[in-house]
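What follows is a single structure, written as structure tokens, with notes after it.
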Amino acid sequence: MSISATTVVRVAFGALALTALVTGYVGLESYLIAAGEGPPDTLHLLYLDLQLFVMELTDDGVGSLPATLEFARFAAPAVTVYTVVDGARLLLSSEMRRIRARKSKDHVVVCGSGTATIALVERLRKTEGRIVVISSEHDTAWGDRKVVHVTGDARNPATLRAAGVHRAKVLYACDADSSTNTAIALAAHALPRHNGASKLATYALIPDPELCAALRARRLSLPRQPPLRLDFFNLDELAARVLLDRHPLGNTRPVVVMGLDAFGRALLVEAARRRLTRPPREPRLPITVIDDNATAIVEKLCRRFEFIIHACTLTPIDARPDDPRLAELLPDITPQRVFICYADQDLALKTALTSPRLWSCGPDSLVVRVEEAATFGRAFRDVRLLEGIADALHIFSINDEACDPRLIDEDLVETLARAIHDHYLERSLARHETPASNASAIPWEMLPERLKASNRAQAEDIGRKLASIGCALAPRVEPDLEFAFTEHEIEQLAIIEHDRWMARLLNEGWERGPLRDPERRRHPDLDSWHNLSEVAKEKDRDVVRSLPGILSAVGFQIVRVEQPVKHPAGQASGGG
């Protein structure tokens, strides 16, 4: 780790101050004895010694001064002058930082002081021109002028204004406490925006995945989009996506998940969700789950995310990490990947290093979850403790990997848009459609931006549709609350969906034409609901019917807040 020039100078003057104190004491003792005052009192001598630093010691006219005192009476004031100058510089720079923070515009604000904040700021430094960090702790030296620190409580509007939040473009609330982060986001929402400032995007870290799901459900249920772009994120869920992107599960060999803490559960759900888009004839993915409460946790997960049992064949095993039978509980077939997901990173690492059978599964086959990889990575690299098994073992850091602005910015709407397309892709595969016969039957990553935007617009409108029939979203923790649209509601929501879709295309310059032509922006269904063909109407109805399943795939369910109004058979409201 490099040491700054300022630190070197401060250490040097600290050493000079100590030297001046010692030499001054010795010199004064010799000086007073030479002056005939006898052996001086220790406290009086120390008092005179300290006076050297404020230049108040007088010369009584006794010959030449001892060399030690001569040195001290110049060194001590020099230390004092440096201290005053350095203190004034710090006060001035602190005031300048406050001014820079308050006057910043289109910058990024990060609230918090933990490891997640540090990891996020390090990522932002690579892409952003100005970052303001709000924390209750003292200034942290980031090493450049990009990062400005504001000390205070980020829930206080005055602190937010001091950080220039009314001019900022993004705010991340990364405190360890969920309620604090939520309060910060709401306080930012209430702060008036500066004239000309863009819409503020606010992201609040929620460590509890179920609370995160509940808050996201409330956010999505709003019938109108708030002026503040507000979303809640969970690091375990983001990290699971990163891990499976980096280590995809591409065959039918078994997978082992050891530990069902928050990250282990998120990993299991994400693996199952990705398996839904497998070819129809490909078997379910076999996953062995090992935890001291595996059976109960897996049962709860499968009740909440029903698609898991359709995508995976689960074998839960109730066993503690120190169970001597652990090696015998692993699948007979060599696993393609073993994920050690215990929240206690020392336990996770110990399990990896004391399970020799896992070392021979293949390159990067043994993945160990830790909070921060820097310490382990540096120790293992420098001391070479993993020599011989380094190819098999991969240290995966939650904070380093998940605190990525690009991942966090993919908010709830983006997640739902992907789920909408995944559902569409699943149905396309069931109809044996291929990209050659259907250009939209491709993975989300390959989808043109125009079609991605269309899915996002559909996701953003879910709250408005549900509110129109007296329904809302809730986290899927009680799947026994069965829900089904009435036929009238399906028709009503299909009309709303068609009107929304048509308004969007017309706003983009599309016109009605006999054939669908994306190049010329022509579409035959750009007409009122009553003039549509039954085939076109059925497409919108299918969008509505699929909504409960799509929401279930991301952990939500529809809850009826008001009882449905009974309508005569065949009656439906019309769309203009």
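A distance of 7.5 Å separates NE2 of H498 from CG of L526, quoted to the nearest 0.5 Å. Atom CG of L160 and atom CG of L171 lie 7.0 Å apart (nearest 0.5 Å). Note: I308 CD1 to E270 CD = 11.0 Å, rounded to the nearest 0.5 Å. If you take CZ on R275 and SG on C312, they are separated by 7.5 Å, rounding to the nearest 0.5 Å. For the atom pair OH (Y424) and CG (L451), the distance works out to 8.5 Å, reported to the nearest 0.5 Å. Interatomic distance, CD1 of I290 versus OH of Y342, reported as 6.5 Å (0.5 Å rounding).
Put simply, the side chain of E491 never gets that close to the backbone of H488: no donor and acceptor are under 3.5 Å apart. A donor-acceptor contact shorter than 3.5 Å links the side chain of N181 to the backbone of D175. Between the side chain of N234 and the main chain of C212, no donor-acceptor pair closer than 3.5 Å is present. In this structure, the side chain of D177 engages the main chain of T180 through a donor-acceptor pair within 3.5 Å. S552 places no side-chain N or O within donor-acceptor distance of the main-chain N or O of P548, the cut-off being under 3.5 Å. Put simply, the side chain of R273 never gets that close to the backbone of F307: no donor and acceptor are under 3.5 Å apart. At least one donor-acceptor pair under 3.5 Å links the side chain of T159 to the backbone N or O of D153. Side-chain atoms of D517 do not come within 3.5 Å of backbone N or O of R522 as any donor-acceptor pair. In this structure, the side chain of R219 engages the main chain of L230 through a donor-acceptor pair within 3.5 Å. Listed for the Q336 side chain is a donor-acceptor partner under 3.5 Å among the backbone atoms of R253.
Salt-bridge formation is detected for the pair E449/R456: a Lys NZ or Arg NE/NH1/NH2 atom is positioned less than 4.0 Å from an Asp or Glu carboxylate oxygen. R406 and D409 are not joined by a salt bridge, as no carboxylate oxygen comes within less than 4.0 angstrom of a charged side-chain nitrogen. By the 4.0 Å N-to-carboxylate-O rule, R369 lies close enough to E371 to be salt-bridged with it. Under a 4.0 Å N-O distance rule, the pair R418/E414 does not qualify as a salt bridge. Using a 4.0 Å cut-off between a side-chain N of Lys or Arg and a carboxylate O of Asp or Glu, D245 and R274 qualify as a salt bridge. Between R500 and E460, none of the side-chain N atoms (NZ, or NE/NH1/NH2) sits under 4.0 Å from a carboxylate O, so this pair counts as no salt bridge.
Minimum heavy-atom separation, V132 to A163: CG1-CB, 3.7 Å. Counting all heavy atoms, side chain and backbone alike, C341 lies closest to D261 at O-OD2, 4.1 Å. Scanning both residues, P405 and Y172, for their nearest heavy atoms gives CB-OH, 3.6 Å. Shown here for V554 and F305, the closest heavy-atom pair between the two residues is C-CE2, 4.1 Å. Nearest heavy-atom pair across R560 and I469 is NH1-O, 4.3 Å. The two residues A294 and I317 make their nearest non-hydrogen contact at CB-O, 3.3 Å.
Residues L243 and F339 form a side-chain contact, since some pair of their non-hydrogen atoms from C-beta on lies under 4.5 Å apart. In this structure the side chain of F233 reaches within 4.5 angstrom of the side chain of L205, judged on heavy atoms. Taking the side chain as every heavy atom from C-beta outward, L493 and S468 approach each other to under 4.5 Å. Considering only heavy atoms from C-beta on, L268 comes within 4.5 Å of L301 through its side chain. Between V165 and L200, the closest side-chain pair of non-hydrogen atoms falls below 4.5 Å. The shortest side-chain heavy-atom distance between L215 and I206 falls under the 4.5 Å cut-off. Counting only heavy atoms from C-beta outward, the side chains of R265 and E237 never approach each other to under 4.5 Å. Using a 4.5 Å heavy-atom cutoff, the side chains of I287 and T313 are not in contact.
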*Is there a side chain to side chain contact (heavy atoms under 4.5 Å, CB included) between T315 and V289 once you walk through the steps?*
CA-CA 6 Å; T315 304; V289 183; over 6 Å; no
*D404 and L238: side chain to side chain contact (heavy atoms under 4.5 Å, CB included), yes or no, with the steps?*
CA-CA 9 Å; D404 186 339; L238 295 178; over 6 Å; no
_Working note: V121 + V133, criterion side chain to side chain contact (heavy atoms under 4.5 Å, CB included); need CA distance, chi angles, decisive distance, verdict._
CA-CA 8 Å; V121 171; V133 178; 3.9 Å; yes
*Evaluate the side chain to side chain contact (heavy atoms under 4.5 Å, CB included) criterion for residues F485 and R545: first the C-alpha distance (whole Å), next the side-chain angles of each, then the deciding distance (0.1 Å), finally the verdict.*
CA-CA 8 Å; F485 290 117; R545 295 188 189 103; over 6 Å; no
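Ring planes of H523 and W501: perpendicular class, angle over 60° (limits at 30 and 60°).
The residue from N455, I550, L416 that alone fulfils the side-chain contact (heavy atoms from CB on, under 4.5 Å) condition with H421 is N455.
Residues forming a side-chain hydrogen bond (donor to acceptor under 3.5 Å, both in side chains) with E534 (at least two apart in sequence, or on another chain): R541. Partners of E401 under the side-chain hydrogen bond (donor to acceptor under 3.5 Å, both in side chains) rule, at least two apart in sequence or in another chain, are R246.
In this structure, K539 places its NZ atom where only 12 or fewer heavy-atom neighbours from other residues, nucleotides or ligands lie under 6.0 Å away.
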Counting only pairs under 3.5 Å, give me each side-chain donor-acceptor contact of residues 507-514, with atom names and distances, residues two or more places apart or in other chains.
residue, atom, partner, partner atom, Å
E508, OE2, R504, NH1, 3.4
E508, OE2, R504, NH2, 3.3
R512, NE, D527, OD2, 3.4

